[in-house]
Amino acid sequence: MLIKRSPNGADIPFGSEITPQEVYESRRRFIAQMAVGAVAGSALWEMANRQAFAQVPAQRLAGKPNPAYAVPEKQTPFRDAASYNNFYEFGLDKSDPAEYAHTLKTRPWTVSIEGEVRKPMTIDIDSLVKLAPLEERVYRLRCVEGWSMVIPWVGYSLSQLIKKVEPTGNAKYVEFTTLADRTQMPGLGSRVLDWPYVEGLRMDEANHPLTLLTLGMYGQTLPNQNGAPVRVVVPWKYGFKSGKSIVKIRFVRDQPKTAWNESAPQEYGFYSNVNPDVDHPRWSQGTERRVGVDGFFNKKRKTLMFNGYPEVASMYAGMDLKKYF
Ligand code: MTE
């Protein structure tokens, strides 16, 4: 996201500016056409796309569709959701994660759950998948950079995991730490952020039924570039709150120090609720472009308060959302 400073102090424009959409789309078409001999539109085309953009073979991971959480809007095609990514551990360019994340090893994988809980645990990813019934939920994801997607995720409410570990009365926030392993993640050489990538939520936000512990998308395991093997998705907040490839979940008393907030506090607040009335200091947050759905020359669509999830508003009653942005 974001204009950041390179190690030599120069500004790096954020990823979408490094690779314009036409460029990565043509790269993508090229790879897919090579694979299938240009049979666009066929099932083979879709399969080839999935192969091209999920270099690591995915496994079927179905969730029961939950109609209460199904945005009735055109979904972003899988190939866009899996090739236009932010995952700085694999590079700053939008196409870098799809290109380089095959080095991420997602088995064995454990998540340690610790801090202010009565029942801390280290849980293996396969047990985490089975911890609660999987649902398919179609959510909007709005990136702070001004683009959005509609994605069918597979997972269950994070609250289901939270209740198993029995947080104590001191647990006021939840901190998510994601993997930072230089042997697997070439982007860690960049000092764009202070690694590991850490995100956090207030306890009520973490327990909100919308907050999804996410293990798959489009009926299959997460592609590495989308945060395999486990991430969170918090659909009323800007996408950077949804940390990928989580290794630790810690319940804490104080507001966690989160990666983007620490790096540029005046630009990325801890809350980061989608709010068209609070602009980023360097660009408007009033509109967005739906990746893979809206053409480049289409009029941008209006961004909705809380990304169109008004049911979360009561958590912020009485808070000045300009101050707590
Ligand atoms: N998680 C980690 N570990 N590293 C990242 O760079 N980028 C965030 C978020 N989670 C990021 C991350 C940002 S800025 C966005 S918009 C979303 O992931 C993008 O998710 P997607 O690529 O699956 O659409």
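Each ligand, and each atom within it, is numbered from 1 in the order the structure gives. Predicted, not measured: the structure shown is a model, and the values here were computed from it.
Looking only at heavy atoms of the protein, atom 5 (C) of ligand 1 is closest to Tyr197 CE1, 3.4 Å. Among all protein heavy atoms, the one lying closest to atom 6 (O) of ligand 1 is Tyr88 N, 2.8 Å. Residue, atom and distance of the protein heavy atom nearest to atom 16 (S) of ligand 1 are Cys143 SG, 3.4 Å. The shortest contact between atom 17 (C) of ligand 1 and any protein heavy atom is with Gly239 O, 3.6 Å. Annotation: atom 14 (S) of ligand 1 to nearest protein heavy atom, Met1 SD, 3.1 Å. For atom 1 (N) of ligand 1, the nearest non-hydrogen atom of the protein is Lys244 N, 3.1 Å. Remark: minimum distance from atom 3 (N) of ligand 1 to any protein heavy atom is reached at Glu89 OE2, 2.9 Å. With respect to atom 7 (N) of ligand 1, the closest heavy atom belonging to the protein is Asn86 O, 3.3 Å.
Ligand 1 has at least one atom lying under 4.0 Å from a heavy atom of Ser242. Judged by the shortest distance from any of its heavy atoms, Arg231 lies inside the 4.0 Å radius around the atoms of ligand 1.
Legend: residues meeting side chain to side chain donor-acceptor pair (under 3.5 Å) with Asp126, ordered by chain and number and at least two apart, are Arg107. Here Glu311 pairs with nothing under the side chain to side chain donor-acceptor pair (under 3.5 Å) rule; sequence neighbours left out.
Neither the backbone nor the side chain of Ile151 has any atom closer than 4.0 Å to an atom of ligand 1 (non-hydrogen atoms only). Within the 4.0 Å heavy-atom criterion, the part of Thr178 lying near ligand 1 is the side chain and not the backbone.
In plain terms, the two heavy atoms of Tyr218 and Val150 that are nearest each other are OH-O, 3.9 Å. Across every non-hydrogen atom of Val144 and Trp283, the tightest pair is O-NE1, 2.9 Å.
Between Glu288 and Arg140 there is no salt bridge, since none of the side-chain N atoms of the basic residue sits less than 4.0 Å from a carboxylate O of the acidic one.
The CD atom of Gln75 sits 12.5 Å away from atom CG of Asp80, with the distance rounded to the nearest 0.5 Å.
Ring centroid separation for the pair Tyr268 and Trp260 comes in under the 6.0 Å cut-off. The aromatic ring centroids of Phe306 and Tyr316 lie less than 6.0 Å from each other.
Of the N or O atoms in Gln225, none lie within a sub-3.5 Å distance of an N or O in ligand 1.
The atoms of ligand 1 that sit less than 4.0 Å from any heavy atom of Leu141 are 24 (O).
Residues Glu114 and Phe251 fail the side-chain proximity criterion, which asks for heavy atoms closer than 4.5 Å.
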